[in-house]
2 protein chains.
Amino acid sequence: MSRKISSTGIERLALYYRYLTSVNGSEQAFISSAELAKAVEHTAAQVRRDLSCFGTFGTPGRGYDRAALEEKLSGILGKGKCQNVVLVGVGNLGSALLAYKGFQSQCYTIVAAFDNDAKKIGKHLKGLEIQDIEKLSDVVSQTGAKMAIISVPAGVAQEVVDALISAGIQGILNFAPARVVVPEDIVLQHVDFSIKLDRLCYGLEHA
Amino acid sequence: MSRKISSTGIERLALYYRYLTSVNGSEQAFISSAELAKAVEHTAAQVRRDLSCFGTFGTPGRGYDRAALEEKLSGILGKGKCQNVVLVGVGNLGSALLAYKGFQSQCYTIVAAFDNDAKKIGKHLKGLEIQDIEKLSDVVSQTGAKMAIISVPAGVAQEVVDALISAGIQGILNFAPARVVVPEDIVLQHVDFSIKLDRLCYGLEHA
DNA sequence: CATTGTTTGTGACAACTGTCACGATAAGGT
DNA sequence: ACCTTATCGTGACAGTTGTCACAAACAATG
Ligand SMILES: NC(=O)c1ccc[n+]([C@@H]2O[C@H](COP(=O)([O-])OP(=O)(O)OC[C@H]3O[C@@H](n4cnc5c(N)ncnc54)[C@H](O)[C@@H]3O)[C@@H](O)[C@H]2O)c1
Ligand SMILES: NC(=O)c1ccc[n+]([C@@H]2O[C@H](COP(=O)([O-])OP(=O)(O)OC[C@H]3O[C@@H](n4cnc5c(N)ncnc54)[C@H](O)[C@@H]3O)[C@@H](O)[C@H]2O)c1
């Protein structure tokens, strides 16, 4: 309870959580920080520090109760409350995201897909009808979605983000290689493949 | 020249570079740290600090010479040397990556695509024949590719990575939600959508 | 119930990262 | 030549993040 969780610490919590759920069938009721650390490629001290930010739920001599920890992490991350996600931009990448089964197993469900291309609107993909972007507000209200994923061209990213915010979306995952500005109370995350490739490139150069 | 570049600093350099190339047609020959900072949503001091790690190429009173800076950044990041990339796993995501035109404009070219599914091998996608994963070594030697992108299921990520390293690949961009281990001299970057969604979720919860 | 063995939670430290402020430096005009 | 103006490069500082080590806490066992 002593320290504020770091930004990257949150991502580690998500890793811990994913590991726990992935080995759900284990008969071991307890897991130590060392064991957890090994699974996610970090140090035991790091794991304990991260977890200690949200209370003390480990028992000395045994470790952490698997089920309890999983539950706790789920609560911390806010899983189970904001699962409904809308997707904007059903192009190459958007289609792949729609088809991805991994989101569901992680409690996220894409409940609606939007585009502004007349040729795509009305088509069905993975059991979801591609809807006109104009219907965004209505659908967001109906589904209660708080999160959105955007995979539209960089040039329109800002306007799409603005529309999403007007519609009531509070968290946005942006795949477009564009920096967009949002009000303070909106959470924004970028996923930027090209930048990661550049990082790789740099790493090779300076081996 | 004073300080070592930070890990996140490298990603900022890539952002600077991308911004410069994206506004290539500008008639302004010079750009100030303030201007550059605004474009990528950072501070002017940060920009200057990052750049100063690699020498001094700004001129007081004017700013940085656009063309020279672009050239310099290209050199630092190692662009133009490691453009050839191979892709392993042509599923939903892999297909989207193959179709992506943004990589090329950033000097990266996917020169070969691999899969182990007999039904996919031999098919053509975006002018590229999907090849048997067994041919990996040969193709890597022929093309001189140093970088690889993998979009295979998490369960086989490690074995694919091992194969890539045997084939001579030095940098790997991993889209599978799995931590893989590599020797020290191999550069590895993860792109993990689910974790980013979890971060969003946490942000919403703790608004 | 005391002893032993294990693992947690955290204070103290070290390393890293970003911000601020300002002296130094170059261009351009008078 | 000198002054003005704009902007860089960087030392010093502050805040953040990760590591280490160890006392405290609990389980197990005889
Ligand atoms: N495909 C990839 O592998 C990849 C990789 C990295 C980054 N990206 C980025 O992801 C984004 C999408 O890439 P893509 O390859 O799927 O492109 P795409 O052109 O195939 O898809 C973009 C989709 O967005 C739709 N769209 C355009 N304007 C819109 C608007 N105002 N409202 C709603 N929908 C709109 C288009 O109709 C299209 O269906 C781009 O910004 C791209 O840079 C893609
Ligand atoms: N689709 C998405 O939007 C998305 C999002 C996040 C993460 N991911 C991750 O990206 C990876 C790929 O996702 P996907 O949706 O494209 O899955 P997919 O099943 O559609 O594609 C996987 C491909 O890898 C191939 N493959 C399997 N084993 C192989 C091997 N040993 N060697 C070579 N090829 C092999 C399969 O034949 C298949 O074509 C997964 O790890 C997934 O978790 C995907």
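A quick note: this is a predicted structure, and the numbers were derived from the prediction, not measured. In what follows, chains are A, B, ... by sequence order, proteins preceding strands, each numbered from 1.
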Would you kindly give the [atom1]-to-[atom2] distance between [X] and [N], to the nearest whole Å?
X       : N      : atom1 : atom2 : answer
B:Leu51 : C:dT17 : CG    : P     : 17 Å
A:Phe54 : C:dG9  : CZ    : C1'   : 15 Å
B:Phe30 : D:dC8  : CZ    : C1'   : 12 Å
A:Arg49 : D:dT17 : CZ    : C1'   : 10 Å
A:Leu36 : C:dT7  : CG    : P     : 14 Å
A:Asp65 : C:dT7  : CG    : P     : 16 Å
A:His42 : D:dT17 : NE2   : P     : 14 Å
A:Leu69 : C:dG9  : CG    : C1'   : 15 Å

Considering only nitrogen or oxygen atoms on both sides, find all protein atoms under 3.5 Å from nucleotides 23-30 of chain D and state each distance.
none

- [ ] Using a strict 4.0 Å threshold on nitrogen-to-oxygen distance, state whether B:Arg179 and B:Asp192 make a salt bridge.
- [x] yes
- [ ] Give a yes or no on whether a salt bridge exists between A:Asp198 and B:Lys79, defined as a side-chain N under 4.0 angstrom from a carboxylate O.
- [x] yes
Under 4.0 Å from OP1 or OP2 of [N]: is there any side-chain N or O of [X] that close?
X       : N      : answer
B:Gln46 : C:dT17 : no
A:Thr43 : D:dT19 : yes
A:Tyr64 : C:dT6  : no
B:Ser32 : D:dA6  : no

- [ ] Could you check whether B:Phe57 gets within reach of a base, just the sugar-phosphate, or nothing at all, counting any heavy atom under 4.0 Å?
- [x] sugar-phosphate
Open item on the list: Treating B:Asn84 as the side-chain partner and B:Val111 as the backbone partner, does any N or O pair qualify as donor plus acceptor under 3.5 Å?
Closed with: no
TODO: Mark yes or no for whether A:Ser151, through its side chain, and A:Gly89, through its backbone, hold a donor-acceptor pair below 3.5 Å.
DONE: yes
- [ ] Let me know, please, whether B:Gly58 or A:Gly9 comes out on the 5' side of the other along DNA chain D by nearest nucleotide.
- [x] B:Gly58
TODO: Between A:Arg12 and A:Arg48, just flag the one whose closest nucleotide in DNA chain D comes earlier from the 5' side.
DONE: A:Arg12
TODO: Establish whether the base of D:dG18 is bridged to the side chain of A:Arg3 by a donor-acceptor pair shorter than 3.5 Å.
DONE: yes
Report yes or no: do [X] and [Y] form a side-chain donor-acceptor pair below 3.5 Å?
X        : Y        : value
A:Ser7   : B:Arg199 : yes
B:Arg3   : B:Ser52  : no
B:Gln158 : B:Asp162 : yes

- [ ] Measure from the side-chain heavy atoms of B:Ala45 and tell me the nearest of D:dG9, D:dT17, C:dC20.
- [x] C:dC20
